[in-house]
There are 2 protein chains.
Amino acid sequence: MAVSGQPAGSWSEVRDELRSRGLRWTPQRRMILDVLAATQGHVTSSEIVERCRERDPETTPSTVYRTLDLLEELGYLKHSHGADGREEFHVLPETEHGHLTCERCGRSWEMEPQEASDLVRALERSRGFSVDVSHLTIAGQCTECSTRSSAPSRPRCRLSFRVKRT
Amino acid sequence: MAVSGQPAGSWSEVRDELRSRGLRWTPQRRMILDVLAATQGHVTSSEIVERCRERDPETTPSTVYRTLDLLEELGYLKHSHGADGREEFHVLPETEHGHLTCERCGRSWEMEPQEASDLVRALERSRGFSVDVSHLTIAGQCTECSTRSSAPSRPRCRLSFRVKRT
DNA sequence: GATGCTATTGCATCTTGATGCATTTGGCGA
DNA sequence: TCGCCAAATGCATCAAGATGCAATAGCATC
């Protein structure tokens, strides 16, 4: 796999890796990579679409989505879920981390892999299941919300999932 | 809160609970509850919409979605995420459980709360965060997929999240 | 039984993406 | 440099929901 810890310069390999797999280096992909290279931390796919549109208003969203999918398959990106619940990409390399989201106030926090390590090990041992921590988003209630009011108030965010149907 | 362990008969309380909160008992809600009462285990919202349509082809999807949201707020339903990744409702009372999903083969398994109890306790202790296990879906790779081929094959399902924007 | 207030419905529209297909175009081989 | 062919793009369309709004209709009261 291509990226395994290099700093941002790794984008320059993408072109070669694509070619070596019989895939193509197109102007659209180049632009999307430029946008990603100028990005750090979390970005939602629609943010990326917007940023591409700033550079080229002709940008087709589906091309962007497909490219993001491809880059994730190749290991240059990872996605998880932001505070607002939408798909969110992590531009690699970045420290792996999961997320906690409060169902009441909607805030979210990053979680070090080690915080979940017991779970990870337990599932590994008992089921041979290896957890993808960076994809993990744990919903629940944060301290503040659980202490603030004990009334069963309405959850502010109802998370739902969608999947790429293949 | 209304439901706290009663068997299916608890649906009959819904009407009264709605009224006591100044909410209304409408034919549409009645039908949706009939559908839910005839349901066990997991159902996706669109399955519920379909079943409602079987009874009354006039059913408006948004009414169903809104009713499901309401019922979840009232504690009669819980949602999480199915193998195909879409929103999935658990008709309560049901044993609380989380889910594991394999990112490669797409299968999923139920997980007893106790399997996650270390994590739950750790987060409770360190952050006061109380995990909503029944909402938890852990992505990763199942034994079979991790042993079957070590090649970094393409993940078959890209999960994404959406949230009710309030 | 009639009335009025307001919760709910139904409709139209929006959003985030996924997908099928015809057309275009990288880029390898000659 | 040219041509070819599969990969990629762009477009149109679909899908699951969310949401704003005007019209409808529960239901508590009289």
Side-chain angles (χ1 to χ4, degrees), chain A residues 14-33 43-50 52-53 56-74 79 81-82 84-89 155-166, chain B residues 14-33 43-50 52-53 56-74 79 81-82 84-89 155-166:
Chain A
V14 176
R15 171 180 175 161
D16 296 332
E17 181 166 358
L18 288 176
R19 285 199 181 150
S20 72
R21 290 177 182 245
L23 305 177
R24 287 167 195 175
W25 182 241
T26 66
Q28 294 84 346
R29 289 183 174 170
R30 189 182 184 346
M31 185 188 55
I32 293 165
L33 287 185
V43 235
T44 64
S45 349
S46 35
E47 275 168 4
I48 296 172
V49 172
E50 277 173 51
C52 288
R53 283 236 152 103
D56 175 7
E58 306 283 85
T59 305
T60 307
S62 60
T63 299
V64 177
Y65 293 128
R66 280 187 286 222
T67 301
L68 292 174
D69 289 351
L70 176 63
L71 291 172
E72 186 166 8
E73 283 170 19
L74 296 181
H79 81 277
H81 318 291
D84 68 349
R86 265 172 294 189
E87 189 174 56
E88 196 165 75
F89 285 93
R156 271 209 34 234
C157 60
R158 256 266 319 289
L159 303 173
S160 65
F161 250 90
R162 293 210 304 170
V163 79
K164 180 158 67 179
R165 290 172 279 285
T166 3
Chain B
V14 176
R15 170 179 175 164
D16 296 332
E17 182 166 358
L18 288 176
R19 286 198 180 149
S20 72
R21 289 176 182 247
L23 305 177
R24 288 169 193 173
W25 182 242
T26 65
Q28 293 85 344
R29 289 184 174 167
R30 188 181 183 347
M31 184 187 56
I32 293 166
L33 286 185
V43 236
T44 64
S45 350
S46 35
E47 275 167 3
I48 296 172
V49 172
E50 279 173 49
C52 289
R53 283 235 152 104
D56 175 7
E58 306 282 87
T59 305
T60 306
S62 59
T63 298
V64 177
Y65 293 129
R66 281 187 287 219
T67 302
L68 292 173
D69 289 351
L70 176 62
L71 290 172
E72 187 166 8
E73 283 170 19
L74 296 182
H79 81 277
H81 316 291
D84 68 349
R86 264 173 295 188
E87 189 173 53
E88 196 165 76
F89 285 93
R156 272 208 34 234
C157 60
R158 255 265 319 289
L159 303 174
S160 63
F161 250 91
R162 291 210 306 171
V163 80
K164 178 159 68 179
R165 289 172 282 284
T166 359

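Every chain is numbered from 1 and lettered A, B, ... according to where its sequence line falls, protein lines coming before strand lines.
- Contact of the Arg66(B) side chain with the Ser62(B) side chain is registered, since non-hydrogen atoms from C-beta on lie closer than 4.5 Å.
- Comparing Ser62(A) and Glu50(A) by the nucleotide of DNA chain C whose heavy atom lies nearest to each, the residue mapping closer to the 5' end is Glu50(A).
- Between the C1' atom of dA16(D) and the CG atom of Leu68(B) lies a distance of 13 Å, rounded to the nearest Å.
- Rounded to an integer number of Å, the gap from NE2 of His79(A) to P of dG17(C) is 10 Å.
- Following rounding to the nearest Å, Glu47(B) (CD) and dA15(D) (P) show an atom-to-atom distance of 16 Å.
- Applying the side-chain contact (heavy atoms from CB on, under 4.5 Å) rule to Glu50(B) yields no partners; only residues at least two apart in sequence or on another chain are considered.
- Applying the side-chain contact (heavy atoms from CB on, under 4.5 Å) criterion to Asp16(A), with sequence neighbours excluded, gives no partner residue.
- Note: CZ (Arg15(A)) to C1' (dC28(C)) measures 14 Å, nearest angstrom.
- Here the P atom of nucleotide dG10(C) and the OH atom of Tyr65(B) are 15 Å apart, to the nearest Å.
- Side chains of Glu17(A) and Leu74(A) form a contact here, defined as non-hydrogen atoms less than 4.5 Å apart.
- At least one side-chain nitrogen or oxygen of Arg19(A) sits closer than 4.0 Å to the OP1 or OP2 atom of dG27(C).
- An OP1 or OP2 oxygen of dG17(D) is reached within less than 4.0 angstrom by a side-chain nitrogen or oxygen of Ser46(B).
- Checked against side-chain contact (heavy atoms from CB on, under 4.5 Å), Arg24(B) has the following partners two or more places apart in sequence or in another chain: Thr26(B).
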Report, one pair per line, the protein and nucleotides 6-9 of chain D atoms (nitrogen or oxygen only) whose separation is under 3.5 Å.
residue: dA6(D); atom: N3; partner: Arg24(A); partner atom: NH1; Å: 3.0
residue: dA6(D); atom: N3; partner: Arg24(A); partner atom: NH2; Å: 3.1
residue: dA7(D); atom: O4'; partner: Arg24(A); partner atom: NH1; Å: 3.3
residue: dA7(D); atom: O4'; partner: Arg24(A); partner atom: NH2; Å: 3.4
residue: dA7(D); atom: N3; partner: Arg24(A); partner atom: NH1; Å: 3.2
residue: dA8(D); atom: OP1; partner: Arg24(A); partner atom: N; Å: 2.9
residue: dA8(D); atom: OP1; partner: Arg29(A); partner atom: NH1; Å: 2.6
residue: dA8(D); atom: OP1; partner: Arg29(A); partner atom: NH2; Å: 3.4
residue: dA8(D); atom: O5'; partner: Arg29(A); partner atom: NH2; Å: 3.3
residue: dT9(D); atom: OP1; partner: Thr26(A); partner atom: OG1; Å: 3.0
residue: dT9(D); atom: O3'; partner: Gln28(A); partner atom: NE2; Å: 2.9

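- dA18(C) atom C1' lies 15 Å from atom CD of Glu72(A), rounded to whole Å.
- With sequence neighbours left out, the salt bridge (charged side-chain N to carboxylate O under 4.0 Å, His left out) criterion links Arg30(A) to Asp34(A).
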